[in-house]
Amino acid sequence: MSITVVLDPEGQPQELPDGADAATLFRDRREVLVARVNGELVDLATTLNDGDLVEPVTAEDPDGLAVLRHSCAHVLAQAVQQVDPDAKLGIGPPIQDGFYYDFDVDRPFTPEDLAELEKRMTAIIKSGQRFSRRVVTDDEARTELEFQPYKLLLIQSKGGSDASAEPDSEIMEVGGSALTMYDNVDRRDQTVWTDLCRGPHVPTTRHIPANAFKLMRTAAVYWMSDEHNPQLQRIYGTAWPNKDQLREHLTFLAEAAKRDHRRLGAELDLFSFPEQIGSGLPVFHPKGGLIRKELEDYSRRRHEESGYEFVYSPHITKAGLFETSGHLDWYAEGMYPPMHLDAETDGEGNVRKPGQDYYLKPMNCPMHNLIFDSRGRSYRELPLRLFEFGSVYRYEKSGVVHGLTRARGFTQDDAHIYCTPEQMPAELADLLSFVLDLLRDYGLDDFYLELSTRDPAKSVGGEAEWEQATEALRSAAEAQGLELVTDPGGAAFYGPKISVQAKDAIGRYWQMSTIQVDFQLPERFGLEYTAADGSRQRPVMIHRALFGSIERFFAVLLEHYNGAFPPWLAPVQVVGVPVSDAHVDYLAEVASQMRARGIRVEIDSGSDRMPKKIRNATRAKVPFIMIAGDEDQAAGAVSFRMRDGTQDNGIPVADAIERVVEVIESKAQV
RNA sequence: GCCGCCUUAGCUCAGUCGGCAGAGCGACGCACUCGUAAUGCGUAGGUCGACGGUUCGAUUCCGUCAGGCGGCUCCA
């Protein structure tokens with residue numbers, strides 16, 4: 001007897017003995033880790049049937065790499081249990097770039113533990129254990145896993161072997177068509193370790209490259225991500241098809257760390273977080289302030305041109321406003337606690353005047369609503385676009401504060417647009433174009449859009465209006481021709497949202513602008529306009545921030561450019577370096593001509609030698625280093641050295657100035 | 001907020017098995033007058049994050065707090 005299977009993707013029929021498995025088919029190809037049989041990812045030990053469509057899957061395939069990483073997680077868990085046989089196992093899935101495994105252990109892991117575990121993992125990998133799949137009944141599993149409470153919970157919550165539940169990306173243990181255990185069998189056929197797992201796995205631990213994995217860090221996590229559950233200790237690891245790819249990944253991480261905005265901010269003297277002010281509350285130094293001012297000035301100009309009106313509002317307000325807006329119901333936890341003011345008591349301690357609570361504002365919208373509502377509004381005024389660089393304060397939990405990207409005090413480039421329901425679709429479409437255009441001007445040009453839809457458990461407002469707004473957002477998004485992903489249930493309680501995700505220079509995506517439709521606030525504030533027919537109508541309100549927060553946007557650009565801002569944003573655009581002291585006056589004269597054209601130029605007249613000055617200016621990432629010595633001076637010229645080290649000598653002064661001006665005005669990068 | 005780690009000169013970091021500390025860079029001064037990423041010499045600069053405790057003695061050990069880092073949760 002024999003069977004015939006079809007090899008994918010070549011489409012080659014292949015004859016095999018009856019009962020053959022995929023491993024037989026690929027026995028000469030060690031790089032094959034698993035197989036895709038009729039579209040389903042399975043172990044190579046899976047028995048094939050006549051007519052199966054079989055595709056080899058290697059670590060170069062994303063699915064294959066995930067299997068490799070998942071198997072590596074098993075090796076980690078085995079190593080942990082070698083050290084601590086009482087360690088209780090949580091879940092251990094593959095993730096972006098690696099894997100993790102959660103453990104309930106008496107003592108958190110230390111960096112020394114990780115080094116020890118890595119050694120043991122290497123030994124396990126080299127021992128060549130086979131991953132052997134075994135189908136079990138629920139009862140058998142429960143007996144075997146008697147001392148693994150978390151695995152028991154998984155069986156229970158996922159319904160065991162008859163689970164029809166969708167496979168969960170995070171939970172690799174259960175969720176297949178049957179409940180399975182994976183035995184690690186050593187070369188003497190002894191089962192040395194076992195884990196509940198739906199698989200699949202690589203054939204043997206030898207298929208995990210022993211020199212291409214690394215344990216990265218530890219973390220405490222809540223079981224099932226719920227803070228009411230017990231805390232487990234997680235170990236994160238990374239694993240790759242080969243040593244070179246591991247090295248490449250580690251290099252990438254080092255590169256990302258080098259351009260961390262917190263580090264660049266200190267190095268380039270842009271901003272700081274003085275401890276005396278408080279966690280998450282930044283101050284901008286002159287150079288950072290200049291960049292920020294350029295960002296803001298350009299934004300202001302574009303907003304003016306696009307029909308926005310500028311408003312200003314205070315930083316604190318009485319509690320009543322946030323009662324009206326609903327913030328105190330929905331968001332009090334994220335707000336700084338109130339200041340209680342103006343209370344008066346008499347001599348006996350009786351309250352004569354109850355006083356008032358004042359809150360720092362976490363959002364600008366309630367204030368803008370009051371501006372809308374300050375007088376009767378006509379349909380002729382709509383869309384009314386109110387814009388403010390509004391500083392807000394949010395009491396972020398201490399563990400989440402993170403440089404400028406997650407601060408407690410920050411400034412939103414916040415606008416609220418009031419329009420009729422009929423105007424909404426066109427307004428949203430224009431808005432999105434405006435936002436994307438502006439982001440491109442700042443140097444970000446690779447985007448995708450994310451549409452966050454209603455979470456029924458956490459929302460207000462009617463089904464129909466949500467539907468209408470969501471569709472309006474969707475069609476505005478689709479009109480951009482960009483990739484659109486949906487984030488089901490990700491919307492805020494008051495309305496659906498589109499966010500723009502922008503890719504930076506090293507391939508990371510950042511959530512930038514958000515555009516959010518709100519039915520709730522116009523209702524709560526009783527906002528109205530008079531329609532053409534004289535009736536009172538409720539406007540639709542759109543919240544939108546382009547930068548999100550200026551601080552955060554600043555941080556993203558800083559990392560995107562690695563501190564080397566394009567000249568229009570560079571705090572110092574030109575540094576003059578004299579070859580010797582004798583050329584300082586000449587450069588100063590050129591500099592004053594440049595200043596007259598609005599160029600930010602400094603002359604380094606210090607006592608350093610010329611190469612040192614060039615080094616300093618290079619490290620400050622100044623776009624143009626303007627050098628002048630005898631030759632340049634005699635020719636009425638200067639020489640430019642650019643950030644990449646390229647050199648252009650003997651440029652006539654007038655041409656040099658034009659060149660800088662041109663680059664600044666065109667917002668080009670150099 | 002939770003878990004772990006960390007905090008020594010402006011910055012990056014040594015160091016003290018408990019006897020009050022060092023380097024490089026930076027700053028400042030002097031000399032050098034110099035053509036593309038560090039000229040040389042010198043000077044100043046630290047209540048070793050804060051407060052308590054243990055100790056004859058604490059920067060070092062313990063505790064609390066503040067700030068930071070990596071995760072978790074959160075990101076309206």
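Every chain is numbered from 1 and lettered A, B, ... according to where its sequence line falls, protein lines coming before strand lines.
- The aromatic ring centroids of A:His315 and A:Tyr393 lie less than 6.0 Å from each other.
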Distances under 3.5 Å between nitrogen or oxygen atoms of protein and nucleotides 43-50 of chain B:
none

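- The side-chain tip of A:Arg69 points at the ring of A:Trp240 from less than 6.0 angstrom away and within 45° of straight on.
- Across B:C6 and B:U43, the matching C1' atoms stand 33 Å from one another, rounded to whole Å.
- Using a cut-off of 4.0 Å between Lys/Arg side-chain N and Asp/Glu carboxylate O, A:Glu267 and A:Arg619 are scored as not salt-bridged.
- Of all the heavy atoms in A:Lys621 and A:Arg643, the pair that sits closest is O-NH1, 3.0 Å.
- The aromatic ring centres of A:Phe447 and A:Tyr509 sit 6.0 Å or more apart.
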Exercise for the section: Take nucleotides 6-11 of chain B nucleotide by nucleotide from the 5' end and write B, S or -, depending on whether a protein heavy atom sits under 4.0 Å from the base, only from the sugar-phosphate, or from neither. Expected result: ------
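- Of the candidates B:C72, B:C25, B:G1, the closest approach to any side-chain atom of A:Arg619 belongs to B:C25.
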N/O donor to acceptor pairs below 3.5 angstrom from side-chain atoms of residues 364-371 of chain A, sequence neighbours left out:
from, atom 1, to, atom 2, distance (Å)
A:Asn364, OD1, A:Lys361, NZ, 2.8
A:Asn364, ND2, A:Gln412, OE1, 3.2
A:Asn364, ND2, A:Asp414, OD2, 2.9
A:His368, ND1, A:His416, ND1, 2.8
A:His368, NE2, A:Glu388, OE1, 2.7
A:Asn369, OD1, A:Tyr418, OH, 2.7

Problem - Stepwise side-chain contact (heavy atoms from CB on, under 4.5 Å) test for A:Gln647 and A:Ser639 - result: CA-CA 7 Å; A:Gln647 182 72 21; A:Ser639 297; 3.8 Å; yes
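- Closest approach of A:Gly280 and A:Val401 over heavy atoms only: CA-CG1, 3.6 Å.
- Partners of A:Ser607 according to the side-chain hydrogen bond (donor to acceptor under 3.5 Å, both in side chains) rule, which considers only residues two or more places apart in sequence or in another chain, do not exist here.
- Within the cation-pi definition used here (under 6.0 Å to the ring centroid, within 45° of the axis), A:Arg234 qualifies as a partner of A:Tyr100.
- Comparing the C1' positions of B:A23 and B:G70 gives an interatomic distance of 29 Å, to the nearest angstrom.
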Could I get a table of every N or O pair under 3.5 Å where one atom is in the protein and the other is in nucleotides 28-35 of chain B?
from, atom 1, to, atom 2, distance (Å)
B:C32, O2, A:Arg609, NE, 3.3
B:C32, O2, A:Arg609, NH2, 2.1
B:U33, O2, A:Asp581, N, 3.3
B:U33, N3, A:Asp581, OD2, 3.0
B:U33, O4, A:Asp581, OD2, 3.4
B:C34, O2', A:Val579, O, 3.1
B:C34, O2, A:Arg609, NH1, 2.7
B:G35, O6, A:Asp630, N, 3.0
B:G35, O6, A:Glu631, N, 2.7
B:G35, N1, A:Asp632, OD2, 2.9
B:G35, N2, A:Asp632, OD2, 3.0
B:G35, N2, A:Ser639, OG, 3.3

Problem - Paired and unpaired positions of RNA chain B as dot-bracket, Watson-Crick or G-U wobble under 3.5 Å, | denoting a partner strand - result: (((((((..((((.....[..)))).(((((.......))))).....(((((..]....))))))))))))....
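- Annotation: the span from A:Arg474 atom CZ to A:Glu467 atom CD amounts to 8.0 Å, rounded to 0.5 Å.
- A donor-acceptor contact under 3.5 Å is formed by the side chain of A:Tyr222 with the base of B:G1.
- The aromatic ring centres of A:Phe554 and A:Phe284 sit less than 6.0 Å apart.
- In terms of position on RNA chain B, the residue among A:Ala492 and A:Arg217 whose nearest nucleotide sits closer to the 5' end is A:Arg217.
- For the pair A:Tyr236 OH and B:C3 P, the interatomic distance rounds to 17 Å; values are reported in whole Å.
- Whole-Å rounding puts the A:Phe553 CZ to B:C75 P distance at 24 Å.
- Residue A:Lys397 has no polar side-chain atom (N or O) positioned under 4.0 Å from OP1 or OP2 of B:G71.
- The only option from A:Arg262, A:Arg259, A:Arg508 that meets the side chain to side chain donor-acceptor pair (under 3.5 Å) definition with A:Glu559 turns out to be A:Arg508.
- Heavy-atom distances to RNA chain B give each of A:Arg262 and A:Arg406 a nearest nucleotide, and the one nearer the 5′ end belongs to A:Arg262.
- Residue A:Ser225 has a polar side-chain atom (N or O) positioned under 4.0 Å from OP1 or OP2 of B:U73.
- Aromatic pair A:Tyr101/A:Phe103: ring centres closer than 6.0 Å.
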